[in-house]
Amino acid sequence: MNHILVLPEEFETNLNDACANNDIHEKWLRIGIDTVLDMKNSIITKLNEKYPKLNITGFRIESKQIIKERIENNGGTSVYAGYIEKDNGNIDGLFFYIPPSLNSGNDFLTRQVLPSLIGIYENISPNMEDMHFNSRPVYILNINETNRSEQRAVKISFLCAELLGFNYLDVFERDFHDIVTDGDNNIPVITLTIFNNLFITNGNNEWFAVNHIEKTLKLLSSRVTSSSNPSAEIYRYALKVLPAIYMAVEEGYRIDLSDFDNVNVGMFRTYLSKI
Amino acid sequence: MQKIYYGAPGTGKSFEVNKYLKDNHIPDDRVFRVTFHPEYSYGDFTGQLLPTVIRTGANAGDITYDYAKGVFTLALEKAYEDTSKEVYLVLEEMSRGNCAAIFGDIFQLLDRETEGLNRGYSRYFVNNSVIAKDIIALTDDRIKLPPNLSILGTVNTSDQNVFVMDTAFKRRFEWEYISTKAVQNDHGEYLNNVNVHLNNGSTVIVDTTWVELYNALNIFISSDDKLGLGEDKQIGQFFIEFDTSATWDKHKNQIKNKLLHFLWFDINQSSYRADVKLFDNSIKNFSELYDAFEEDKKIFSDEFLQLLQ
């Protein structure tokens, strides 16, 4: 079955602007890409190689308002969100891209993906029996040429996305698994313990606390409540704790939400109460 | 949800399925329906290669073989498009097909997880690259049923020449009995109810209604002190679907051609009771039964008429 990538016009604008920027264009050339068309073809080729079932045959540009309505996003419109369309016009998956030249470390990936997913969840949560946060396959394309993708904090975000079952493709083919590989470069099965260790600094994990004896996962609210922008912080927070929640539930741990009793986290709470 | 509605013919099993779908506002594009029959196979259910003619000229064509997806695969694909939306696979007349053969390895998917992140998904997977090939939510060829895919089935309890459903298959479904009890509308009136006249020549023996008649027949058929044929042979309120605005002549025709045929060949011929008869002793064969009813003669035995009155 063939698919088409449907994306907002900003996707093309971003590519055109990136190609016109000498620094970015030089980085494109290093991976054999010269023009915007080359980049688009490379995206299609790489997606089809990594995900053969997609069989993407092209792009279509659509208004972001129409995209928002079609993917049933109750939140704001997104310039980073699109979808994968089947031959018959049905949506078969969600598609997000991390744009060129984005330099914000804190919002890398989270800003492009989580607002739409939370907006969609607001719409689907009343009837959804599936315990996962997303109801459609999620694909994330990284066409950002900066070295942000090589920073540890950003790599953790990519790992979180992968652990949530999202499909991630970096056009520049930069790996992020080195944050968890062992001495022999093997990627272990990620357990709650291994995942927890990624967030520990100075002996503390500021996002969640794992108690292996009582088998509890306590979500900690300080990152959200102490942030100068809690509404944005919740996106970063959600990306990090959702994989922990998934693993905890699978391993039979109880989720402790007591630290969020008086904290407004919107639709995220709806999901947490379901779990 | 995996549920089978079962009961006697005409009790409204398919009606219950449709009512459930309508009450839950399930759009048609998320309902996949099939009727099982003795020739229905696993390939029909999941998919198979079928020849297709590609026209190359006015009277010419090439034959190619395309994979034609079965109703199960189509329902599974639809369910995985968006797991927040309910999709229903409706299997009518399940006992008319060989369920074990039709389901094949899909049978293994019917056990669902009851807890954890994968609650509602199949507990076990099966490898089937052909079914999985167009489902992008499945990263490889391992298929599972998602929680939003429900299977509803109907089974007639009194069918002849049916396939036996084994216990291992039966226990993977909830079973809901649809009784022969007559259904009423919001005003308390019985649905599908018409007047029925039973005569002996010019004399009206019994003026009754369809609901009273079929209820009396069910008692006479199943009671141990009557024909003793058990509940399997009973009939439902919708065994005959009447146009309630039509005349007695039309209703009489329907009773003559449908009900009497069933009563003679499936009930009368099945009964081993020599002392209890449904029909009058003067009726020796179906032809006489048919003609007698047409000519407004008495057809039922005194014993049955006493029960009816």
Side-chain angles (χ1 to χ4, degrees), chain A residues 1-3 47-48 50-56 70-72 83-95 120-139 162-167 242-253 255 271 274-275, chain B residues 1-3 21 23-30 32 47 66-69 73-88 112-123 128-151:
Chain A
M1 182 180 294
N2 297 333
H3 292 90
L47 280 170
N48 288 339
K50 190 168 182 184
Y51 309 108
K53 286 186 188 181
L54 280 182
N55 208 27
I56 292 170
R70 282 220 69 200
I71 63 176
E72 298 174 89
Y83 57 85
I84 298 170
E85 188 177 81
K86 283 170 141 170
D87 285 340
N88 61 8
N90 290 352
I91 295 176
D92 215 4
L94 302 173
F95 195 88
I120 291 168
Y121 192 77
E122 186 180 321
N123 207 347
I124 63 178
S125 62
N127 298 320
M128 185 141 143
E129 289 180 47
D130 193 344
M131 299 297 283
H132 296 87
F133 192 71
N134 54 304
S135 65
R136 298 187 202 267
V138 172
Y139 290 81
E162 194 174 76
L163 290 171
L164 290 175
F166 299 170
N167 302 287
L242 277 172
I245 291 171
Y246 278 21
M247 282 183 270
V249 170
E250 282 298 280
E251 292 179 35
Y253 283 55
I255 311 297
Y271 177 73
K274 229 181 190 180
I275 288 287
Chain B
M1 173 170 53
Q2 285 165 193
K3 183 186 272 194
L21 296 174
D23 289 348
N24 285 280
H25 311 291
I26 308 298
D28 288 346
D29 68 327
R30 285 195 264 125
F32 295 82
D66 291 336
Y67 181 71
K69 294 172 184 171
T73 302
L74 292 171
L76 191 67
E77 283 183 4
K78 188 68 181 177
Y80 269 113
E81 272 181 17
D82 186 347
T83 59
S84 70
K85 295 189 169 56
E86 293 291 324
V87 172
Y88 287 85
R112 309 278 196 130
E113 289 283 9
T114 53
E115 56 184 14
L117 196 63
N118 291 315
R119 192 173 75 199
Y121 282 86
S122 298
R123 182 168 292 154
N128 193 311
S129 57
V130 184
I131 292 175
K133 74 179 179 68
D134 286 336
I135 302 176
I136 66 172
L138 300 173
T139 52
D140 49 30
D141 66 349
R142 292 182 292 180
I143 58 171
K144 288 188 173 187
L145 303 184
N148 60 317
L149 178 58
S150 296
I151 304 175

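In this text the structure is predicted, and so the values were computed from the model without any measurement.
- Looking at B:Asp82, the atoms closer than 4.5 Å to chain A (heavy atoms on both sides) sit in the backbone and in the side chain alike.
- No other option in A:Lys53, A:Met131, A:Lys86 has as many heavy-atom pairs under 4.5 Å with chain B as A:Lys53.
- Between A:Tyr139 and A:Phe166, the ring center distance fails the sub-6.0 Å criterion.
- For A:Glu72, the part lying under 4.5 angstrom from a heavy atom of chain B is the side chain only.
- When heavy atoms are compared at a cutoff of 4.5 Å, B:Glu86 approaches chain A solely by way of its side chain, counted from C-beta outward.
- A:Tyr51 does not touch chain B: none of its heavy atoms, backbone or side chain, sits under 4.5 Å away.
- Contact of A:Asn123 with chain B is not made at all, since no heavy-atom distance falls under 4.5 Å.
- Relative ring orientation between A:Tyr121 and A:Phe133 is described as parallel, the plane-to-plane angle staying below 30° on a 0-90° scale split at 30° and 60°.
- Only the backbone of B:Asp140 comes within less than 4.5 Å of a heavy atom in chain A; its side chain stays farther off.
- A:Asn90 and B:Glu81 share a side-chain donor-acceptor pair at under 3.5 Å.
- The pair B:Arg119-A:Glu129 does not meet the salt-bridge criterion, since no charged nitrogen lies less than 4.0 angstrom from a carboxylate oxygen.
- Checking side-chain atoms of B:Lys85 against main-chain N and O of B:Lys78 turns up no donor-acceptor pair under 3.5 Å.
- For A:His3 and A:Phe95, the gap between ring centers reaches or exceeds 6.0 Å.
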